[in-house]
> 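Sharing a structure below in structure tokens format, with a few things to ask.
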Amino acid sequence: MALPLASGVLAAPAPALPRGIRRLSPKLDAILDANAPVEMLGGGYQWSEGPVWVPRGGGMLLFSDVPANRMWRWRRDKGFDLFLEPSGLVGPIPKSIREAGSNGLALDGRGRLLIADSGSRVVARLDFATKRKTTVVDRFEGKRFNSPNDVICASDGALYFTDPPYGLAGEGESPLRELDFCGVYRLAPDGRLEVLDRSLTRPNGIALSPDEGTLYVAVSDPKGPVLVAYTLDARGMPTAKRVLVDFAADVAAGLPGLPDGMKVAAEGHLFASGPGGMHVLSPEGERLGLIQSGDVISNCTIGEGGAALYMSSNHAIARVALKPRG
């Protein structure tokens, strides 16, 4: 069976990856113990994605099983249970929709759940009390999005999100496409929607630096697998763009996976999925370490007040302990 690499990207099976942590720099020691175990919490999912840690109710992990159109929950004392079905598109799924479920998840400043709803082709918000979803944004200049993939909320309430075509059957060739580009967007608190970049072939994971002066976007194109960094001005708009990490050599070496989801720690270092596993990177793009779960890793989230990294790893969920801040 082909393995999903980034959401919507398939490749031939690769040799099994090891499980463990590779220390590439002494700087990793301040972040995690290279001898810490990579725990596998549970599995059986078609393609796990978009995890987010929710502090409410004692703390829980939510994540998407995108092809199954389900959102799952994990709690330390209760394990796994189904949280939301359908997580994305409601009703019979047409053959024209390839990934019907939710994808990337995030929390807004009020603790509400934001959903990059690949199947419904919208960015949505979910009320935890009622589990009712409302559409936040679904169009750019009157045209429907391709299939929103990941979303992040800034401190001022602005949303940044990516819109590749992975959710559509045929992807870029889908007759459902109304936009002829794959955008990176900013939705301002006043509802104004602006496209920040329309040149990326497959924008995927998205994250902000702690000072919100840098926006990171992963590009899951095997012909140009990079992690891009944008310098943002006081309005949250890009003024410069640079390639932070180029993963082309890793892909050429046959390592399974592509740049996909990521999270930025409060100290500024990045956990970014890519070829071979979860890469631990400095803000300057230096490779500090590599976390391997034994399979392709799509995305991650920092939970338990910064004490743990949770990773969506193909059919499973993995966890590794992080060192306390300071």
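Below, each value reflects all heavy atoms present in this structure, side chains not excepted, and no hydrogens, waters or symmetry copies.
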> Could you check whether any side-chain N or O of S48 sits under 3.5 Å from a backbone N or O of N314, counting only pairs where one atom can act as donor and the other as acceptor?
yes
> Is the W74-Y310 ring centre distance short of 6.0 angstrom?
yes
> Answer whether the closest heavy-atom distance between the side chains of P165 and C182 falls below 4.5 Å.
yes
> Looking at side-chain heavy atoms only, is the closest gap between L114 and L105 below 4.5 Å?
no
> Indicate yes or no for a side-chain donor-acceptor contact from S120 to the backbone of V122 under 3.5 Å, with no hydrogens or angles considered.
no
> Donor-acceptor check, side chain of K263 to backbone of L270, threshold 3.5 angstrom: yes or no?
no
> Got more than 12 heavy atoms from elsewhere within 6.0 Å of NZ, K143?
no
> Decide, yes or no, whether a salt bridge links R192 with E194 under the criterion of side-chain N to carboxylate O below 4.0 Å.
yes
> Do S298 and S312 have side-chain N/O donor and acceptor atoms under 3.5 Å apart?
yes
> Between Y185 and F145, is there a side-chain heavy-atom distance shorter than 4.5 Å?
yes
> If you measure only the distance, is there a donor-acceptor pair under 3.5 Å linking the side chains of S273 and D260?
no
> Would the distance check show the side chain of R56 and the main-chain N or O of M60 forming a donor-acceptor pair, the cut-off being under 3.5 Å?
no
> Using a strict 4.0 Å threshold on nitrogen-to-oxygen distance, state whether R287 and D250 make a salt bridge.
yes
> Nearest 0.5 Å, what's the CZ-CZ distance between F80 and R75?
12.0 Å
